[in-house]
There are 2 protein chains.
Amino acid sequence: MPTGRAPEPTVLRLSIYLRCLRQVHAEGLDTISSAGIQERTGITAGQVRKDLSYFGEFGKPGLGYAVEPLLTRLSHIMQLDRPRKVVIVGAGNLGAALAGYQGLRSSIFSLVAAFDNNLSKIGRPLWDVEIKDVRELPRITQEQGVEIGIITTPAEAAQGVAELMAQGGIRSILNFSPTRIVSPQGTTIRNVDLMKELEVICFYLPKP
Amino acid sequence: MPTGRAPEPTVLRLSIYLRCLRQVHAEGLDTISSAGIQERTGITAGQVRKDLSYFGEFGKPGLGYAVEPLLTRLSHIMQLDRPRKVVIVGAGNLGAALAGYQGLRSSIFSLVAAFDNNLSKIGRPLWDVEIKDVRELPRITQEQGVEIGIITTPAEAAQGVAELMAQGGIRSILNFSPTRIVSPQGTTIRNVDLMKELEVICFYLPKP
DNA sequence: GTGAGCTTGTGCTTTCTTTCACAATCTCCA
DNA sequence: TGGAGATTGTGAAAGAAAGCACAAGCTCAC
Ligand SMILES: NC(=O)c1ccc[n+]([C@@H]2O[C@H](COP(=O)([O-])OP(=O)(O)OC[C@H]3O[C@@H](n4cnc5c(N)ncnc54)[C@H](O)[C@@H]3O)[C@@H](O)[C@H]2O)c1
Ligand SMILES: NC(=O)c1ccc[n+]([C@@H]2O[C@H](COP(=O)([O-])OP(=O)(O)OC[C@H]3O[C@@H](n4cnc5c(N)ncnc54)[C@H](O)[C@@H]3O)[C@@H](O)[C@H]2O)c1
């Protein structure tokens, strides 16, 4: 039963279950057992059951989990059951790749605008949005009710951009620049550190 | 003292310390205390000391850590003290962004080639390398002694690519496609799941 | 209907991480 | 040179997460 709050590792896995369930659903299956989820995700069956049990009782003994209802419930729990508007700041290489990603144009996320501070980029199109002046960010995100911001600027600019985002009413920020951002009041920040991943991989390289 | 092996969370943080130290070094400082590292990284001073203690005694009481020696030692521990060759498979949006990233052209990493299976891309340049036929991957990586592979293909292709990489002698793989890869014998895989990050951020969005 | 066969939910145990606190050590200035 | 002040390394304690095992519950075939 839902006692208290779920640990963060559980939340991370929820997203994996969701992806798994979407695929299973697309395959036309109606139910899946925790063992079936283990097979597809590599996450232990016991772990799966425990994770889900933080949020309620979704399964039927002897049968497993009904795919569609679980999909609906998990989407709700993850707050992925209504559209979220997203902006990207820093229309460089990485920003452009993300902006073009179809995952950002799904039924859940929609990319509203991209921003930059480089005059030669402002006004140009980036895929299907226009690159706007970053100084307009607070106004635009406020007006449009944007909830999520993605930072793909150089590290030096990240803190300032985060503050602009907070000013524009953005509550959650995904930061790709390799620097620590001090969260403006009321915002959550998640850092994605690609160089870190690359370096960590080296640690695990077979020692000569 | 180095008792046994360091926990994975520690290894992840090592990469952060390294980045911090590089910056501190660039600023010309000779020493830094664990408290100083906390200030810059947000990681608790006690945690810093414990992490470092897994690998040896690097600091001097009353003074802190000598920046340059620590940088050298940590680089060695992370196996970042000699150049590593890297290839990217999947010369699409994300692959192109990564290929152009200067972090991959540093003194530590060097991008050797990019691969694709799309005939209209093969033979074209991607930044300063040429896009090659993915079928040539095992031969080329073998010949060049490539140690790290990055996968930026669609999910369906990832498993096959990983196996080609293993065949080509690659030991460590960074996978950006949203799928689970079953590690070929002798390879380490790290997954970077950008959509997961975006979904998790929604969970932490303020509940209405 | 009934029993064999799965599969769940969960309390308990084990393992892994982080935090705490302090003796030991070093610096540096008077 | 000596003592005040700073900072380390680390055991011990607390806290968090994962693994385990099994009673309870559901299904389905006969
Ligand atoms: N490209 C990659 O694959 C990659 C990999 C790992 C990390 N990163 C990080 O992601 C970030 C972006 O990388 P990139 O390769 O796209 O760099 P880039 O130079 O191609 O793009 C950065 C963009 O940010 C814009 N910008 C700079 N200051 C700004 C400001 N104050 N407000 C708004 N826009 C601003 C620039 O005009 C530029 O368009 C960097 O922090 C980089 O370290 C990138
Ligand atoms: N673009 C992003 O920002 C982004 C974000 C999150 C995740 N991803 C993931 O990264 C991967 C790449 O995304 P993308 O946007 O660059 O896609 P993309 O379609 O632009 O690029 C994929 C490339 O892989 C090549 N490819 C396909 N099969 C191949 C094979 N068997 N061998 C070699 N090459 C092959 C294609 O020809 C194409 O050039 C996808 O799995 C995507 O889900 C991308």
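To find a chain, count down the sequence lines: A is the first, B the second, and so on, and within it residues start at 1.
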Exercise for the section: Could you state the atom-to-atom distance from CG of A:Leu52 to P of C:dT10 in whole Å? Expected result: 12 Å

Practice task
Name the residue closer to the 5' end of DNA chain D, choosing between A:Pro61 and A:Arg13 according to the nucleotide with the nearest heavy atom.
Solution key: A:Arg13

Problem - Interatomic distance, B:Glu8 CD vs C:dT18 C1' [rounded to whole Å] - result: 16 Å

Practice task
Indicate, with a heavy-atom threshold strictly under 4.0 Å, whether A:Gly46 touches base, sugar-phosphate, or nothing.
Solution key: nothing

Completion exercise
The nucleotide from D:dT27, D:dG9, C:dG9 with an atom nearest the side chain of A:Glu57 is C:dG9

Completion exercise
Here the distance between atom P of C:dT17 and atom CD1 of B:Ile43, to the nearest Å, is 15 Å

Problem - Distance-only polar pair, side chains of A:Gln159 and A:Glu163, donor-acceptor under 3.5 Å - result: yes

Handout entry: Sugar-phosphate, base or nothing in reach of A:Ser34, heavy atoms under 4.0 Å
Key = sugar-phosphate

Exercise for the section: Starting from P on C:dT27, measure out to CG on B:Asp30 and report it in whole angstrom. Expected result: 14 Å

Exercise for the section: Give a yes/no answer on whether the side chain of B:Arg49 brings an N or O atom under 4.0 Å of OP1 or OP2 in C:dA21. Expected result: no

Handout entry: Side chains of B:Ser75 and B:Asp81, donor plus acceptor under 3.5 Å
Key = no

Practice task
Take the protein atom CG of A:Leu70 and the nucleotide atom C1' of C:dT7, then report the distance between them rounded to whole Å.
Solution key: 15 Å

Problem - d(CZ, B:Phe55; P, D:dG9) in whole Å - result: 14 Å

Handout entry: Minimum-distance nucleotide (side-chain atoms of B:Pro9 versus D:dG9, C:dT17, D:dA17)
Key = C:dT17

Exercise for the section: Could you check which of C:dG9, C:dT17, D:dT10 has an atom nearest any side-chain atom of B:Pro7? Expected result: C:dT17

Fill in the blank from the handout: In whole angstroms, the gap separating P of D:dC20 from CD of A:Gln38 amounts to 11 Å

Exercise for the section: Spell out, as yes or no, whether a donor-acceptor pair under 3.5 Å connects the side chain of A:Ser110 to the backbone of A:Leu104. Expected result: no

Handout entry: Atom pair distance, as rounded to whole Å: CG in A:Leu63 and P in D:dA24
Key = 21 Å

Practice task
Could you tell me whether the phosphate oxygens of C:dC16, OP1 or OP2, come under 4.0 Å of any side-chain nitrogen or oxygen in B:Tyr54?
Solution key: no

Problem - B:Arg190 with B:Glu8: basic N within carboxylate O range, under 4.0 Å - result: yes

Practice task
Verify the contact: side-chain N or O of B:Gln47 to OP1 or OP2 of C:dT17, cut-off strictly under 4.0 Å; return yes or no.
Solution key: no

Exercise for the section: Kindly say whether A:Leu137 contributes a backbone atom to a donor-acceptor pair with the side chain of A:Thr141 at under 3.5 angstrom? Expected result: yes

Handout entry: Side chain of A:Lys50 - closest among D:dA17, D:dG19, C:dA24
Key = D:dG19

